[in-house]
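Notes follow the structure.
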Amino acid sequence: MAISKEDVLEYISGLSVLELSELVKEFEEKFGVSATPVAVAGAAGGAAEAADEKTEFDVILKDAGAKKINVIKAVRALTGLGLKEAKAMAEEAGAVVKAGISKEDAEAAKTELEAAGATVEVK
């Protein structure tokens, strides 16, 4: 018995988002392909629009300031890092505390770190 394209599409339309995501991962592994879209050379105008609509932000610790202990506590609360790792991050200029988060989460993290005495940048 042969399975038609319509049967496959009907099956896929009944999957949950999680099941569909797992199926896509299995296709990628089995056939050695990637489901990420490829930019077309003629879509340069679309790329400029996409740059304006940034959805992922990084919170960068520029300086721990005079209240380094409070900043270390804030870094630990935000990241879940241990004391040693959080201290190293607070002492490193330009350390990325959070990466690829929403604008709201980035602003909240920035506010928390600045309240602790740090100088923070959101990119």
Side-chain angles (χ1 to χ4, degrees):
M1 175 167 104
I3 298 175
S4 67
K5 290 180 193 176
E6 290 79 22
D7 293 335
V8 172
L9 291 173
E10 185 63 33
Y11 172 76
I12 290 174
S13 67
L15 295 176
S16 70
V17 175
L18 181 59
E19 292 170 328
L20 184 58
S21 173
E22 291 171 354
L23 181 64
V24 169
K25 287 179 185 175
E26 289 178 23
F27 272 112
E28 290 175 337
E29 290 173 9
K30 180 169 179 105
F31 298 108
V33 295
S34 175
T36 55
V38 177
V40 180
E49 290 176 18
D52 292 340
E53 300 174 22
K54 187 173 180 179
T55 58
E56 293 184 349
F57 297 86
D58 296 342
V59 178
I60 302 168
L61 183 62
K62 290 294 185 183
D63 183 37
K67 301 179 181 178
K68 189 169 26 170
I69 293 173
N70 292 336
V71 174
I72 292 169
K73 289 178 182 178
V75 168
R76 288 187 71 195
L78 288 168
T79 62
L81 292 173
L83 180 60
K84 181 179 178 182
E85 294 84 3
K87 181 178 184 259
M89 183 176 284
E91 292 173 345
E92 178 184 340
V96 178
V97 177
K98 293 286 231 174
I101 60 175
S102 69
K103 184 173 185 168
E104 294 81 23
D105 292 341
E107 289 299 326
K110 178 181 178 185
T111 302
E112 188 173 339
L113 287 166
E114 286 178 340
T119 305
V120 183
E121 179 180 10
V122 175
K123 281 190 175 185

According to a 4.5 Å side-chain heavy-atom criterion applied to Ile, Leu, Val, Met, Phe, Trp and Tyr, with indirect links allowed, do Phe31 and Ile3 form part of one hydrophobic cluster? yes

Quick one: side chains of residues 108-123, donor-acceptor pairs under 3.5 Å with protein atoms, not counting sequence neighbours, listed by atom name and distance.
{"from": "Thr111", "atom 1": "OG1", "to": "Glu107", "atom 2": "O", "distance (Å)": "2.8"}
{"from": "Glu121", "atom 1": "OE1", "to": "Lys62", "atom 2": "NZ", "distance (Å)": "3.0"}

Work out which heavy atom in Ser102 is nearest to a heavy atom in Phe57; give both atom names and the distance. C-CD1, 3.9 Å

Please check if Ile60 and Val97 belong to a single hydrophobic cluster, counting links between Ile, Leu, Val, Met, Phe, Trp and Tyr side chain heavy atoms closer than 4.5 Å. no

Spacing of CD belonging to Glu91 relative to CD1 belonging to Ile72, to within rounding of 0.5 Å: 6.5 Å

Going from CD on Glu22 to CZ on Phe27, what distance comes out if it is rounded to the nearest 0.5 angstrom? 13.5 Å

CD1-NZ distance between Ile69 and Lys87, expressed to the nearest 0.5 angstrom: 10.0 Å

How many angstroms lie between CE in Met89 and OG1 in Thr79, if you round to the nearest 0.5 Å? 5.5 Å

Of all the heavy-atom pairs spanning Glu56 and Gly100, show the shortest one and how long it is. CB-CA, 3.9 Å

Rounded distance [0.5 Å steps], CZ in Arg76 versus NZ in Lys73: 10.0 Å

Is there a side-chain contact between Asp7 and Tyr11 in this structure, where contact means two heavy atoms from C-beta onward sitting under 4.5 Å apart? no

Going by heavy atoms in the side chains, are Glu19 and Leu23 under 4.5 Å from each other? no

